[in-house]
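Proteins get letters first, then strands, A, B, ... in listed order; numbering begins at 1 in each. All of these numbers come straight from a predicted model, not from anything done at the bench.
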There are 2 protein chains.
Amino acid sequence: MAKLAREQLVEFSSECSLPAALEVVGERWAFLILRSAFLGMRHFEDFQSTLGIARNILADRLARFVERGIMERRPVPDDRRRVEYRLTEKGWALTPTLVALRQWGERWETGTTAQPVLVDVADGLPVREVTVQSHDGRVLGKGDMRWAVEGSAEDGGAPAKAGA
Amino acid sequence: MAKLAREQLVEFSSECSLPAALEVVGERWAFLILRSAFLGMRHFEDFQSTLGIARNILADRLARFVERGIMERRPVPDDRRRVEYRLTEKGWALTPTLVALRQWGERWETGTTAQPVLVDVADGLPVREVTVQSHDGRVLGKGDMRWAVEGSAEDGGAPAKAGA
DNA sequence: GCCGGTAAGTATCATATTGCAACTCAACCT
DNA sequence: AGGTTGAGTTGCAATATGATACTTACCGGC
């Protein structure tokens with residue numbers, strides 16, 4: 001990726017949506033709680049006992065998730081002690097992020113593929129590695145992409161319309 | 001995604017590589033520092049001034065990144081006060097995660113596409129949305145994937161061996 | 001309609017992490 | 001020499017996290 005001028009970096013820093021995302025999922029435990037939710041967990045006690053997280057922290061995180069629209073909190077009609085936390089569409093939309101992070105950990109940290117594995121329901125085969133791809137689906141490596149500003153065609157390429 | 005038995009969830013929790021990944025990039029500031037590095041920043045003062053992070057924390061994060069193999073620290077020969085921090089291959093491998101997170105923030109938090117945008121150097125067009133895909137490249141949505149254990153086919157497949 | 005137990009939290013206090021500002025210290029610049 | 005820059009430390013205040021204990025509402029059996 002080509003270097004940018006320093007002013008552009010500063011600008012990027014201030015208006016990028018990464019900080020916004022991190023405000024929601026950047027705290028300790030956030031991804032781990034989400035992972036449990038992705039796997040089907042829904043109740044306070046389940047999150048608590050499997051993760052070993054302190055109860056007050058868990059309560060705080062769940063409340064924040066609900067507040068930020070990542071999870072929905074709803075009482076269970078059958079048993080009025082129980083409450084269900086379930087992912088909203090916004091929450092499910094974090095799947096690629098979570099999978100990418102896990103795959104990175106497998107490749108570069110643990111070195112092993114852990115169970116269970118995420119597979120395609122259609123054929124039971126494991127999902128692909130999550131990658132950054134061009135508009136037409138080519139997998140892009142480190143040298144194949146660059147940061148571009150607005151409609152500036154930089155090296156003569158087509159005007160970059162909003163998208164990344 | 002289909003639900004898993006509770007035992008499987010617990011097992012997953014303990015051996016999944018997500019915690020391993022989070023140990024490296026799960027702290028506050030980690031992704032923001034990485035973002036700056038992806039954009040081409042290399043020096044302590046640049047990270048510090050653009051991010052506004054406390055100097056001691058920055059020093060700590062950079063040292064940890066180096067320790068974990070995400071960045072490489074090397075003195076600049078021309079000016080022996082200066083030090084360069086640059087991403088290793090392992091660090092660059094976090095690109096999909098970072099891009100996925102940023103895209104999520106754009107879609108669900110800020111609602112706008114921020115500058116600069118990541119584009120394909122070949123044609124200058126913005127990269128695709130990062131998605132989870134099947135082995136043959138179909139984009140998989142929430143209902144199109146499930147967690148499966150070992151080489152077990154569909155439901156009731158081979159006995160799920162624990163461990164690994 | 002009491003009793004032991006479960007579910008989802010709060011409250012309290014100890015420990016860790018972060019943030020801020022000032023300081024060091026070698027190296028460069030003039 | 002004297003001032004400045006780059007890359008950090010140091011010391012202390014402000015937050016966040018963690019470990020228990022406690023509370024409240026509810027269930028199911030008797």
- If you look at every strand shown and take non-hydrogen atoms under 4.0 Å, does A:Arg55 touch a base, only sugar-phosphate, or nothing? base
- Query: Can you list the residues that meet the side chain to side chain donor-acceptor pair (under 3.5 Å) rule with A:Arg64, with sequence neighbours excluded?
  - Reply: A:Glu27, A:Asp60
- Any A:His43 side-chain N or O less than 4.0 Å from OP1/OP2 of C:dA8: yes
- salt bridge (Lys or Arg N to Asp or Glu O under 4.0 Å) involving A:Glu129 - partner list, sequence neighbours excluded: none
- Message: Once you apply a heavy-atom cut-off of 4.0 Å, does A:Phe47 come out as touching a base, just sugar-phosphate, or nothing?
- Response: nothing
- Query: Residues two or more places apart in sequence or in another chain: which of them pass salt bridge (Lys or Arg N to Asp or Glu O under 4.0 Å) with A:Arg81?
  - Reply: A:Asp79
- Message: Going by salt bridge (Lys or Arg N to Asp or Glu O under 4.0 Å), name the residues that satisfy it together with A:Glu89, two or more places apart in sequence or in a different chain.
- Response: none
- Item | A:Tyr85 vs C:dA7: side-chain N/O to OP1/OP2 distance below 4.0 Å | no
- Query: Salt bridge between B:Arg128 and B:Asp120, side-chain N to carboxylate O under 4.0 Å?
  - Reply: no
- Query: Using the benzene-type ring in the case of Trp, are the ring centres of B:Trp147 and A:Phe38 under 6.0 Å apart?
  - Reply: no
- Residues two or more places apart in sequence or in another chain: which of them pass side-chain contact (heavy atoms from CB on, under 4.5 Å) with B:Arg55? B:Phe44, B:Glu45, B:Gln48
- Item | Terminal contacting nucleotides, 5' and 3', DNA chain D versus chain A (heavy atom, 4.0 Å) | D:dT17 to D:dC27
- Task: Take atom CG of A:Leu58 and atom P of C:dT10, then tell me their distance rounded to the nearest Å.
- Result: 11 Å
- Message: I'd like to check the side-chain contact (heavy atoms from CB on, under 4.5 Å) partners of B:Val76; sequence neighbours left out, ordered by chain and number.
- Response: B:His43, B:Asp78, B:Arg82, B:Glu84
- Query: Can you name the salt bridge (Lys or Arg N to Asp or Glu O under 4.0 Å) partners of A:Arg28, sequence neighbours left out?
  - Reply: none
- Using side-chain contact (heavy atoms from CB on, under 4.5 Å) as the criterion, list what pairs up with A:Glu106, not counting sequence neighbours. A:Arg102, A:Thr110, A:Thr113, A:Ala114, B:Ser17
- Message: Just to verify, what does A:Ala54 make a side-chain contact (heavy atoms from CB on, under 4.5 Å) with, not counting sequence neighbours?
- Response: A:Asn56, A:Ile57
Could you list all N or O pairs between the protein and nucleotides 13-18 of chain C that sit under 3.5 Å apart?
{"from": "C:dT18", "atom 1": "OP1", "to": "B:Arg61", "atom 2": "NH2", "distance (Å)": "2.8"}
{"from": "C:dT18", "atom 1": "OP2", "to": "B:Arg61", "atom 2": "NH2", "distance (Å)": "2.7"}

- Whole-Å distance separating the CZ atom of A:Arg73 from the P atom of C:dA8: 9 Å
- Message: Each nucleotide in nucleotides 25-30 of chain C should get exactly one letter: B, S or -. Can you fill that in based on protein heavy atoms under 4.0 Å?
- Response: -BBS--
